[in-house]
Amino acid sequence: MRHWLMKSEPDEASIDHLAAAPGQCLPWTGVRNYQARNFMRDEMRVGDGVLFYHSSCPAPGIAGIAEVASTPYPDPTQFDPASPYHDPKSRREDPRWLLVDVRLVARTALLPLAAMREDPALADMATLRRGNRLSITPVTPGEWAHVLERLQVRWARA
DNA sequence: GCCAACGTTGGC
DNA sequence: GCCAACGTTGGC
């Protein structure tokens with residue numbers, strides 16, 4: 001099993017939205033970056049662990065734990081002209097953008113970005129690297145175990 | 001609002 | 001294929 005950090009703007013999809021969703025599960029819509037898409041399309045498996053990260057907000061940081069809850073499938077928003085994620089160049093016969101569903105495992109206290117940066121155990125985290133803008137990044141087993149420990153989350157699959 | 005960093009576009 | 005221009009991300 002692999003582990004991931006997935007960024008979401010809480011205005012759009014916060015950990016609270018996830019907790020309130022049917023089955024505490026949401027489709028990860030809106031990814032329009034090929035590298036992030038490829039992680040979902042090629043490397044994620046159902047049951048993979050997810051650090052749910054709040055970005056572009058007053059208090060950025062890890063807000064909870066989630067898991068990958070589906071295999072990849074086409075992001076419906078790419079075909080919706082009314083959606084901000086509409087992609088007129090994507091064809092239904094050959095969808096450009098795929099997504100996975102994500103299910104809540106645990107809401108946690110916020111692990112603020114500043115605290116992540118101060119933590120030597122997280123010094124090499126992909127998402128903390130200079131200039132990184134990827135909304136989905138791999139998390140190593142060590143980083144995953146460390147974050148769950150800090151957040152006091154016990155998870156059978158961890 | 002600012003700005004660094006990166007990704008994408010499109011002319012050539 | 002190159003690369004300048006432009007757009008986006010995301011912290012501050």
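Throughout, a chain's letter reflects where its sequence line sits, starting with A, and its residues are numbered from 1.
- If you check the side chains of A:Asp75 and A:Thr77, you find a donor sitting under 3.5 Å from an acceptor.
- Atom CD of A:Glu9 and atom C1' of C:dT9 are 8 Å apart (whole Å).
- The distance from atom CG of A:Leu128 to atom C1' of C:dG10 is 13 Å, rounded to the nearest whole Å.
- Side-chain atoms of A:Thr71 and A:Arg41 form no donor-acceptor pair, as typed in the model, at a separation below 3.5 Å.
- Atom CD of A:Gln35 and atom P of C:dT8 are 19 Å apart (whole Å).
- Between A:Ala19 and A:Gln24, the shortest heavy-atom contact is O-NE2, 3.2 Å.
- Using modelled atom types, one finds no donor on one side chain facing an acceptor on the other under 3.5 Å when comparing A:Ser55 with A:Glu9.
- Per the geometry, CZ belonging to A:Arg32 stands 15 Å off C1' belonging to B:dT8, to the nearest Å.
- Contacts between residues 85-96 of chain A and DNA chain B, defined by a heavy-atom separation under 4.0 Å, are made by A:Lys89.
- Atom CD1 of A:Ile136 is separated from atom C1' of C:dT9 by 14 Å (rounded to the nearest Å).
- Between A:Met44 and A:Ile136 the shortest heavy-atom distance is CE-CG2, 3.8 Å.
- The aromatic rings of A:Phe39 and A:Trp4 lie tilted to each other, with the angle between the two planes from 30° to 60°.
- For C:dG10, the OP1/OP2 oxygens have a side-chain nitrogen or oxygen of A:Lys7 closer than 4.0 Å.
- Closest to the A:Tyr34 side chain, of the nucleotides C:dC12, B:dT8, C:dG10, is B:dT8.
- In this structure, A:Leu113 is a member of the same hydrophobic cluster as A:Trp144, with clusters built from ILVMFWY side-chain heavy atoms closer than 4.5 Å.
- Protein atom CZ of A:Arg117 is 12 Å distant from nucleotide atom P of C:dG10, rounded to whole Å.
- Nearest heavy atoms, A:Leu99 versus A:Pro76: CD2-CD, 4.1 Å.
- In this structure, CG of A:Asn132 is placed 14 Å from C1' of C:dT8, rounded to the nearest angstrom.
- A:Phe79 and A:Val31 are members of different hydrophobic clusters when ILVMFWY side chains are connected at heavy-atom separations under 4.5 Å.
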Can you tabulate the close N/O pairs, meaning under 3.5 Å, that link protein atoms to atoms of nucleotides 2-7 of chain C?
| unit_1 | atom_1 | unit_2 | atom_2 | d |
| --- | --- | --- | --- | --- |
| C:dG7 | N2 | A:Arg133 | NH1 | 3.4 |

